[in-house]
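Remarks on the structure that follows.
So you know, we letter chains A, B, ... as the sequences are listed, proteins then strands, and number each from 1. Basis for what follows: all heavy atoms, side chains included, without hydrogens, waters or symmetry-related copies. Because the structure is predicted, anything quoted here is derived from the model rather than measured.
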Amino acid sequence: METQVSNGPSGTSLPNGPVISTNGSTDDSKTNLIVNYLPQNMTQEEFKSLFGSIGEIESCKLVRDKITGQSLGYGFVNYVDPNDADKAINTLNGLKLQTKTIKVSYARPSSASIRDANLYVSGLPKTMSQKDMEQLFSQYGRIITSRILVDQVTAGISRGVGFIRFDKRNEAEEAIKGLNGQKPLGAAEPITVKFANNPSQKTGQALLTQLYQTAARRYTGPLHHQTQRFSMIPSLGKGPDPNNSSKPILDNLLNASYGIKSSPTLFPRFSPITIDSMTSLAGVNLTGPTGAGWCIFVYNLSPEADESVLWQLFGPFGAVTNVKVIRDFTTNKCKGFGFVTMTNYDEAAMAIASLNGYRLGDRVLQVSFKTSKQHKA
DNA sequence: TCATATT
């Protein structure tokens with residue numbers, strides 16, 4: 001990272017404290033993370049809960065549109081300890097939350113020169129891959145991220161348009177000068193390269209559409225998402241990543257934590273009967289939504305289990321507001337169970353139906369709504 | 001003619 005440069009060569013490291021540079025600014029290059037591709041409906045509290053499960057947070061912020069208040073889908077987390085920042089990248093990068101796969105990486109030092117460095121490219125040959133496009137643009141500077149949009153129905157055919165984000169705005173400017181109107185070698189048509197629209201300057205129509213979709217998700221539940229949601233399950237930890245970059249999730253975690261690979265074949269298949277029986281069963285002694293949501297009891301976790309495991313397991317099913325692993329006070333090992341709070345009933349029911357009986361490492365999980373112990377007279 | 005990456 002070039003972060004040392006901006007803070008000068010003579011930063012001073014204080015014992016157990018932040019690195020203070022000679023100009024008085026703190027060097028947070030080892031503690032400050034940027035988190036991208038967050039679900040639209042994730043709140044600041046959920047964001048903090050997720051990243052707070054790793055270690056003590058100095059500060060964190062979910063970035064929202066100044067006008068509409070809508071989440072812009074990214075945020076920042078600054079840890080107290082650089083080791084926790086590293087741990088957050090290793091355990092949470094690539095985490096699947098609802099339809100997204102989040103990305104966790106070190107934040108570059110904030111500066112005007114890295115803003116508005118995002119390009120929109122159209123007229124690309126349909127055969128051009130993301131790698132091809134990066135190769136074409138990389139001569140103009142360091143590429144932070146790139147994407148080629150693909151057709152939804154024909155699953156994966158390039159639409160011939162994409163995005164390239166450079167590290168610096170001037171690099172993007174040079175790329176426009178050098179590539180706009182040019183034919184990539186062998187291409188029949190020239191490409192168009194221009195600055196991409198800013199997320200804030202969305203049309204009123206697009207905003208309304210987005211608001212409607214958000215509301216529809218919240219109130220009608222995930223019924224028409226079932227296929228999509230369930231198709232994710234066997235791919236927990238593998239399968240193509242719709243968002244880019246990131247690596248396998250659950251299998252990675254399992255390999256790292258337990259040295260065991262989960263068996264997708266043991267995963268219970270979707271069955272309306274399972275859902276119905278589970279739901280009616282749950283209805284008998286259900287406590288109902290306690291406070292912020294529906295509390296789920298997860299049993300047969302390993303002694304090594306931590307909060308990130310619960311995020312991994314439940315995140316893909318919907319809005320998770322909180323997770324907790326119950327530990328022995330003296331050994332700090334998991335006592336074999338934990339709790340997950342989910343906002344929406346049907347998403348919680350879906351998670352339970354799917355994860356009850358799921359083999360995590362060498363254990364079979366028992367997952368259910370938390371029952372009331374008080375009224376068992 | 002566009003998914004979201006700099007507080």
* May I have the distance from A:Asn197 (atom CG) to B:dA5 (atom C1'), rounded to whole angstrom? => 16 Å

* Could you check which of B:dT6, B:dA3, B:dT7 has an atom nearest any side-chain atom of A:Ile114? => B:dT6

* To do: Name the closest nucleotide to the A:Val63 side chain, picking from B:dA5, B:dA3, B:dT7.
  => B:dT7

* **Gap between atoms CD1 and C1', on A:Ile144 and B:dA3 respectively (whole Å)** => 17 Å

* Just checking A:Tyr74: base, sugar-phosphate only, or nothing, at a heavy-atom cut-off of under 4.0 Å? -> sugar-phosphate

* **Closest nucleotide among B:dA5, B:dA3, B:dT6 to the A:Ser110 side chain** => B:dT6

* Structure fact -> Separation of B:dT4 atom P from A:Leu62 atom CG, nearest Å, is 15 Å

* Within this structure, what is the CG-to-P distance between A:Asp167 and B:dT6, rounded to whole angstrom? -> 12 Å

* **A:Asn198 CG to B:dT6 P, straight-line distance once rounded to whole Å** => 8 Å

* Structure fact -> Looking only at B:dT6, B:dT7, B:dC2, the nucleotide nearest the A:Tyr120 side chain is B:dC2

* Asked: Would you say the base of B:dT7 and the side-chain of A:Asn32 have a donor-acceptor pair closer than 3.5 Å?
  -> yes

* Presence of salt bridge, A:Glu45 and A:Lys48, under 4.0 angstrom -> no

* May I have all residue pairs that pass ring-ring contact (aromatic ring centres under 6.0 Å, His included) and include part of residues 108-167 of chain A, sequence neighbours excluded? => A:Tyr120-A:Phe163

* So, A:Asp328 side chain and A:Thr331 main chain: donor-acceptor pair closer than 3.5 Å or not? -> yes

* To do: Examine distances only and state if a side-chain atom of A:Arg115 and a backbone atom of A:Ser110 form a donor-acceptor pair shorter than 3.5 Å.
  => no

* A:Phe297 vs A:Phe339 aromatic rings, parallel, tilted or perpendicular, using cut-offs 30° and 60°? -> tilted

* To do: Establish, with yes or no, whether the OP1 or OP2 oxygen of B:dT4 is under 4.0 angstrom from a side-chain nitrogen or oxygen of A:Lys100.
  => yes

* **Between B:dC2 (P) and A:Leu72 (CG): distance, integer Å** => 19 Å

* Asked: Closer than 4.0 Å, any side-chain N/O of A:Tyr37 to the OP1 or OP2 of B:dA3?
  -> no

* **Atom-pair distance (CD on A:Gln44; C1' on B:dT7), nearest Å** => 11 Å

* **Any A:Arg165 side-chain nitrogen or oxygen under 4.0 Å from OP1 or OP2 of B:dT6** => yes

* Asked: Any donor-acceptor pair under 3.5 Å between the side chain of A:Arg115 and the base of B:dT6?
  -> no

* **Whole-Å distance separating the CZ atom of A:Phe47 from the P atom of B:dT7** => 14 Å

